[in-house]
Amino acid sequence: MGVLRAGILGSTLLLGVGTAAAQTGHDHHHQQPAAAASAPCADPTALPSLACATSPTPAFARDGRLWLAWYARGHVYVQSSDDHGASFGPAAVVNRIPEPVDDQGEDRVQIALGPQGQIYLAWTRKLEQRMTGHVRFSRSLDGGRSFSEPVNVNDDPSVIAHRFPALQVNDGNRLFIAWIDKRDLAAAKAAGRDYDGAAVYYATSEDGGKTWPNRKLTDHSCECCRIAMTLDRRGLPLIVYRHVFPGHIRDHALIRFADPDTPLPIQRATDDAWHIRGCPHHGPAIARSGNTPHLAWFTAATNRKGLFYKRLDGSGTPVPFGQPGAERPAIAAAGDTVVLAWKALVDDRTRLYARLSHDGGRHWGQPRELASTDSSSDHPQLLQHQGRFHASWQTASEGYRLLPVSTGETAQ
Amino acid sequence: MKRWLAVLAVLLLAAPPAAPAATVPLTAEGYRRQLDTWAGSRRLVVLWSVDCPPCQQELAMLGRLRGDNPRLPLTLICTDTQLQPAEVDAILHDHGLTGAESLQFADPVPARLRRAIDPDWYGELPRSYLIEADGHRLAHSGLLPEAPLRAWLEP
């Protein structure tokens with residue numbers, strides 16, 4: 001029986017390569033067009049490459065080296081660049097034993113670099129039933145030469161959803177992972193009770209990822225939107241996610257921490273009052289500079305539709321950004337500079353845009369187009385290192401691009 | 001054991017093609033043609049995804065409706081591009097929806113198809129359109145309440 005299953009799985013992995021890039025869960029995600037699928041990405045004998053990944057995730061190390069984590073055909077890979085993405089070193093394989101991984105924009109491989117150059121990774125391993133998964137963790141302590149055997153972060157082994165991990169590591173090398181977890185929903189169903197949405201769980205590791213005690217942060221989160229997590233000045237998580245408030249209202253909530261083991265009660269972060277018994281599949285983005293968190297999110301409430309930004313210090317009123325059809329907000333901040341990025345279909349091309357503020361988000365410059373494609377595309381990512389900002393974007397026709405976002409004072 | 005796997009792989013690769021799936025791929029251009037075939041009569045169009053629990057509830061409700069009214073003018077559009085059409089068929093079968101018109105997103109740039117369907121739709125699911133015979137349509141995001149829907153479907 002085990003042999004039969006392994007044989008089928010092996011053959012499926014081989015046969016499925018043609019649609020490997022289409023292992024996505026929603027129409028929003030990157031899909032290889034039929035023409036490109038016949039190209040190298042569909043060839044099972046070709047080496048996996050970054051160009052064939054759906055949702056590569058970048059991160060800067062403290063020394064300015066850029067790291068990129070991506071997934072293809074059962075394996076997570078890591079590559080580094082010392083010239084801001086102009087060229088990359090050879091790809092290192094993270095997991096020795098292949099496993100199917102969620103690689104679809106909202107749920108994507110996570111990477112974070114520790115204070116001594118440790119490479120930390122998290123991802124969702126897909127299980128045999130649709131929409132289920134385990135959150136996995138692996139690390140390298142030797143600059144990417146070797147990686148630890150992946151372990152499950154969720155301590156609940158049931159075949160349900162433990163997905164959409166968000167990963168951070170602080171200057172004290174303490175790790176935080178938050179994810180969407182359906183064990184409470186499953187328990188409610190078994191007991192015949194109603195339960196809206198899913199739960200957000202987190203785990204923090206003081207031992208570099210060897211142990212991960214789980215804790216629930218909240219019930220009733222949206223079950224299919226990414227979680228946004230950054231660190232505050234103390235190196236503690238700031239988490240924003242879409243919550244399901246009573247009456248089926250989907251608005252965002254913020255979770256701060258008093259210390260690594262003490263999350264505080266959720267605070268409402270947006271007041272769109274979006275009433276929907278459905279799945280937006282469109283999570284928020286957060287960045288922090290100084291004491292101010294900055295939030296970007298999507299909503300389709302009656303009186304507020306599209307992408308919005310605000311400062312999360314109590315002074316913020318929502319500022320709309322992006323044209324009709326704008327999606328996938330990204331945000332980064334350093335000093336007084338805040339950068340927003342998004343993509344939109346305009347004149348039949350998908351275009352990547354950015355917009356800057358030089359006063360902590362109070363005033364914004366005109367949007368500028370950074371790149372475009374006529375093919376499918378990933379969610380844009382924004383990152384910064386020592387005040388230099390970059391947009392990261394994977395598109396089917398052009399492959400991976402890391403684009404500088406100039407923050408010069410010259411008006412565009 | 002390796003021979004077993006090799007034989008199995010060959011058998012799978014050489015397997016005769018399965019019966020054609022009922023679910024039909026849909027692109028932006030295809031959608032515009034689709035509108036022509038629908039013109040002149042009422043139709044309920046529902047967009048759904050497998051990665052969307054409320055969508056599964058919606059499909060269950062539609063299955064019940066269709067059970068009561070087999071000639072329900074219903075079109076289902078699956079937005080998942082990673083499923084095989086036969087898998088989409090299977091999900092619909094589980095909800096008693098075999099035989100309903102079933103389409104699946106197949107545009108290389110899904111945003112194009114979304115825009116062709118409705119520039120005011122942001123992709124949230126389930127998404128429904130109650131289309132009148134004259135083409136006028138009512139859009140709804142999220143679960144459709146069953147009672148008003150039954151009333152609308154009354155001849």
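FYI, side chains are in, hydrogens and waters are out, and symmetry mates aren't considered; it's all heavy atoms of this structure.
For Ile77(B), no part lies under 4.5 angstrom from a heavy atom of chain A. Heavy-atom distances place the side chain of Arg115(B), and not its backbone, under 4.5 Å from chain A.
Counting heavy atoms from C-beta on, the side chains of Phe308(A) and Thr270(A) never come closer than 4.5 Å.
Note on ring orientation: taking the six-membered ring where Trp is involved, the planes of His243(A) and Tyr241(A) are perpendicular (angle over 60°, cut-offs 30° and 60°).
Comparing Pro126(B), Pro53(B), Ser141(B) by heavy-atom pairs within less than 4.5 Å of chain A, the highest count is held by Pro53(B).
Considering only residues two or more places apart in sequence or on other chains, Gln104(B) meets the side-chain contact (heavy atoms from CB on, under 4.5 Å) condition with Thr23(B), Cys78(B), Leu83(B), Pro85(B), Val88(B). Shown here are the disulfide (SG to SG under 2.5 Å) partners of Cys222(A), two or more places apart in sequence or in another chain: there are none. Applying the side-chain contact (heavy atoms from CB on, under 4.5 Å) rule to Arg71(B) yields the partners Asn69(B); only residues at least two apart in sequence or on another chain are considered.
Salt-bridge formation is not detected for the pair Glu124(B)/Arg250(A): no Lys NZ or Arg NE/NH1/NH2 atom is positioned less than 4.0 Å from an Asp or Glu carboxylate oxygen. In summary, Asp51(B) and Arg163(A) engage in a salt bridge, as defined by a charged side-chain N under 4.0 Å from a carboxylate O.
Contact residues of residues 95-103 of chain B toward chain A are absent (heavy-atom distance under 4.5 Å).
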